[in-house]
Every structure is written in C-alpha cells, then in structure tokens.
Amino acid sequence: MTTPITTHSIHDGVKFSVSELLGMPELFIKPILEYLTEWDLVSAIFEDVGDNNGSIAYEKDVAPFTVDGLETIAEFAEYPSTLPVSAGKIVTAAEKEGRWLDISYEMRDENKVDQVNRSLTQFRNAAAYSNYERLKSVLEKSDIGTVAAAAGWRTSDADIFGDTDKAIEKIADAEIPDVVQSEATYGFDPTAMVVPRSLASSFIKTEELRSAYEGNLDNTNPVFAGYKGVTARGFNGLQIIIPKFWYKDRILVFDENNKPGLVSHTNRLAMTGPFDEPRHDKVGYKLSQKRVLAVHNPKAAAWITGIKG
C-alpha cells in the first residue's frame with residue numbers, strides 16, 4: 001500500500017506517489033523555481049540589464065549631466081557643443097552556481113514520501129540562502145555609504161524616524177564629484193528599505209508612529225493592523241521589504257527607480273531532470289544559473305547600522 005503525497009503546484013489537491021511524481025518533473029521543478037524567484041532579493045535591489053555572453057562591462061557612478069549646460073548665444077553665432085560624461089569601464093565575469101538533488105531508488109521504490117518532501121524543502125531553502133549570501137557578498141564589497149543608528153531599535157532610546165531620515169538625506173544629497181555644478185546631486189530619491197522580519201514590530205512600538213494614529217481605530221492604524229499594515233503603506237515614505245533572509249543588525253535604504261545594483265544573466269535560473277543514474281541507484285535533478293551581480297550606483301543606497309539592541 002502506498003502513502004499519498006500532496007504537492008503544492010499547478011496540480012494542488014491531487015495526490016501522487018513518488019514514482020508518479022518522478023514521471024511528472026514539473027511537480028518537482030515548478031514549486032522550487034517559484035520559491036527561489038519569490039525570495040530572491042536581487043529583483044528588488046538590482047536592475048535587470050538583460051542577458052550576456054559570459055561577462056559584461058558597466059560604468060559606475062555615472063554623472064547625470066553632460067560636460068556643459070546651456071549658455072548665452074549671440075545672434076547668428078555658432079551653437080557650442082558639449083560631450084556626455086563617462087565613467088571608467090568595469091568588466092565583470094558571470095559566475096555559475098548550481099547543485100544536484102538526488103532521489104534514491106529506495107525513496108522511489110519504497111515510496112518514502114516524507115523523505116522526498118523533506119529533501120525538496122531543504123533543497124529550496126538552501127538554494128535561497130545561497131542566493132542571499134551571494135547578494136550579501138556583492139553588497140558588502142560595494143561603496144554603499146553608512147549612517148549609524150542613534151540606538152538599538154528595540155531600546156527606549158531608539159530614534160527610528162531620525163535614523164531613516166539620515167539615510168534618506170545621505171542618498172538624496174549625494175554629490176557628484178568633478179562636476180562644475182557645485183550644488184548638483186545624482187537626483188536619487190530613496191523609496192524603499194529592507195528590514196529583517198525580527199525588527200518589523202519595532203515600527204509599531206515607536207511612540208512617534210503610534211501617536212500619529214492616536215484615536216484612529218480602523219485598519220490603517222498599525223497598532224491594530226500589525227506590521228503587515230505598515231508594510232502595505234510604508235514607513236517614513238519608504239516601502240518596507242521584509243525578505244526571507246537578511247542581516248540582524250542593519251537595514252538598507254535605496255531608490256527603487258534608480259537601483260543601486262545590476263544583474264545580467266548568461267543562463268537564467270533553471271532546473272532540469274530527472275536524470276536516471278542506475279549505476280548509483282538514484283535519480284537526479286540539476287539546479288543552475290549563471291549571472292553577473294554588481295553595484296553600479298552605490299550612492300543610490302545607504303546602510304543604517306547598529307540597529308540591533
């Protein structure tokens with residue numbers, strides 16, 4: 001007698017044995033790819049600049065001005081010309097990432113549904129965490145600026161509004177080096193912040209925020225709606241993004257319309273299989289991707305550090 005399995009996919013509600021599932025690989029592949037895509041922060045922080053052939057060249061901190069602006073021109077005089085401003089080119093190679101997931105013949109033939117389910121869950125979680133670690137590495141190697149929190153966000157001395165204001169100002173006031181216009185900035189407009197889930201409730205406990213909703217008992221009041229309500233409306237003009245994995249001690253504020261990073265794909269995320277390996281009594285699936293991640297607009301973002309407490 002076989003034990004049925006319910007798989008979350010386009011066939012929700014239908015029960016299959018392990019053997020039947022192996023005969024329908026989309027039931028393995030689709031939920032894993034959907035999960036990894038949903039929890040990959042790259043799509044939020046990095047602009048997709050298209051595909052590549054193994055490497056890309058990009059410019060960093062490009063000024064949004066030509067060398068010269070307008071000037072007064074006498075009647076019949078020749079119009080002066082100007083040139084675009086370029087930054088130094090940086091060439092970066094794409095990195096291939098992947099992993100093989102094995103399903104043993106015993107798991108298949110003895111219909112070990114629990115083991116298969118556990119393998120799929122663990123595999124997608126490990127892959128999602130690897131994506132986070134790669135993103136984290138790229139962000140930490142960049143020139144993104146930092147502002148220090150006044151105090152830990154769980155303490156009585158916390159100034160969450162003030163801390164986010166400092167990050168907003170740092171991004172909005174980012175000056176352009178080597179530009180004639182002394183008051184010129186990049187024009188970045190911070191619109192979002194990435195927050196660890198463990199600190200989401202800190203917004204609701206902020207007295208300034210609670211007093212702003214005093215007397216309002218409907219679902220717009222985050223005291224009653226919880227942090228999900230705050231997420232839907234944002235905080236201090238910033239849309240809140242709560243990822244699956246994130247730092248415990250810092251927050252990233254950034255401009256969603258001029259994203260600090262870029263991503264370019266050689267091979268987009270894909271999962272293939274099953275591949276039968278009778279010499280090893282197993283069936284395998286391959287998950288892989290090859291892409292470039294880089295921070296080309298570091299001044300479009302700012303860290304808030306020292307928030308843990």
Presence of salt bridge, Glu110 and Lys112, under 4.0 angstrom: yes

Shared hydrophobic cluster, Leu262 / Val42 (ILVMFWY, side-chain heavy atoms < 4.5 Å): no

Residue pair Lys248 / Pro196, side-chain heavy-atom distance below 4.5 Å: no

Verdict with supporting geometry, Ile251 and Ile307, side chain to side chain contact (heavy atoms under 4.5 Å, CB included): CA-CA 8 Å; Ile251 279 172; Ile307 61 172; 3.6 Å; yes

Side chain to side chain contact (heavy atoms under 4.5 Å, CB included) between Trp39 and Asn125, worked out: CA-CA 10 Å; Trp39 290 111; Asn125 287 338; over 6 Å; no

Lys136, NZ: over 12 other non-hydrogen atoms inside 6.0 angstrom: yes

Shared hydrophobic cluster, Leu293 / Ile90 (ILVMFWY, side-chain heavy atoms < 4.5 Å): no

CG/Leu70: more than 12 non-hydrogen atoms of other groups inside 6.0 Å: no

Charged N-O contact under 4.0 Å between Arg134 and Glu97: yes

Side-chain donor or acceptor of Asp255 paired with backbone N/O of Asn258 under 3.5 Å: yes

Reported CD1-to-CG distance for the pair Ile168 and Asp163, which is rounded to 0.5 angstrom: 11.0 Å

Straight-line distance of Thr266 OG1 to Asn52 CG, nearest 0.5 Å: 3.5 Å

From CA spacing to verdict: side chain to side chain contact (heavy atoms under 4.5 Å, CB included), Leu199, Arg154: CA-CA 8 Å; Leu199 282 179; Arg154 290 194 182 97; 3.7 Å; yes

Close side-chain approach of Gln115 and Glu106, heavy atoms under 4.5 Å: no

Heavy-atom pair of closest approach, residues Lys166 and Ala150: NZ-N, 4.4 Å

Approximate separation, where rounding is to 0.5 Å, of Thr305 OG1 and Leu252 CG: 12.0 Å

Whether over 12 other heavy atoms sit under 6.0 Å from Glu78 CD: no

Parallel, tilted or perpendicular: rings of Trp246 and Tyr132 (30°, 60°): tilted

Thr121 side chain to Arg118 backbone, donor-acceptor under 3.5 Å: no

Ion pair check, Arg268 and Asp48, cut-off under 4.0 Å: yes

Beyond-backbone contact of Leu120 with Pro31, side-chain heavy atoms, under 4.5 angstrom: no

Distance, nearest 0.5 Å, that separates OG1 of Thr272 from NZ of Lys286: 4.5 Å

Close side-chain approach of Phe254 to Val194, heavy-atom, < 4.5 Å: yes

For the student: nearest non-hydrogen atoms of Ala151 and Ala158, plus distance: CB-N, 4.1 Å

Heavy-atom check, side chain of Leu101 versus side chain of Leu287, under 4.5 Å: no

Same apolar cluster (I L V M F W Y, side chains within < 4.5 Å links), Tyr58/Val295: no

Interatomic distance, Met193 atom CE to Glu256 atom CD [nearest 0.5 angstrom]: 12.0 Å

Heavy-atom check, side chain of Ile304 versus side chain of Trp153, under 4.5 Å: yes

In one Ile/Leu/Val/Met/Phe/Trp/Tyr side-chain cluster, 4.5 Å: Val49, Leu139: no

Gap separating the CZ atom of Arg124 from the CD1 atom of Ile32, nearest 0.5 angstrom: 8.0 Å

Modelled atom types, side-chain donor and acceptor of Asp165 and Asn236, under 3.5 Å: yes

N/O donor-acceptor pair under 3.5 Å between Ser264 side chain and Gly50 backbone: yes

Minimum heavy-atom distance between Ala44 and Ile241, given as atom pair plus value: CB-CD1, 4.1 Å

Nearest heavy atoms of Ile29 and Met271, plus distance in Å: CD1-O, 3.3 Å

Single-linkage hydrophobic cluster Val263~Ile56, side-chain heavy atoms < 4.5 angstrom: no

Minimum side-chain heavy-atom gap Asn111-Ser19 below 4.5 Å: no

Salt-bridge criterion met for Asp40 and Arg291 (N-O under 4.0 Å): yes

Test item: side-chain donor near acceptor, Asn297 and Glu47, under 3.5 Å: no

Step-by-step side chain to side chain contact (heavy atoms under 4.5 Å, CB included) determination, Arg99 to Tyr285: CA-CA 9 Å; Arg99 183 65 66 180; Tyr285 285 85; over 6 Å; no

Ring pair (Phe, Tyr, Trp, His ring centres under 6.0 Å) between Phe275 and Trp100, worked out: CA-CA 10 Å; Phe275 301 99; Trp100 197 274; 5.3 Å; yes

Met107 to Ile103 - nearest heavy-atom pair and separation: CB-CG2, 4.1 Å

Smallest separation among heavy atoms of Ala302 and Ala167, with atom names: CB-O, 4.1 Å

CA sep, side-chain torsions, deciding dist, call: Tyr247, Trp303, ring pair (Phe, Tyr, Trp, His ring centres under 6.0 Å): CA-CA 11 Å; Tyr247 300 85; Trp303 295 109; 5.4 Å; yes

Any donor-acceptor pair under 3.5 Å from Thr164 side chain to Ile160 backbone: yes

Side-chain heavy atoms of Phe46 within contact of Lys259, under 4.5 Å: no

Charged N-O contact under 4.0 Å between Asp143 and Lys60: yes

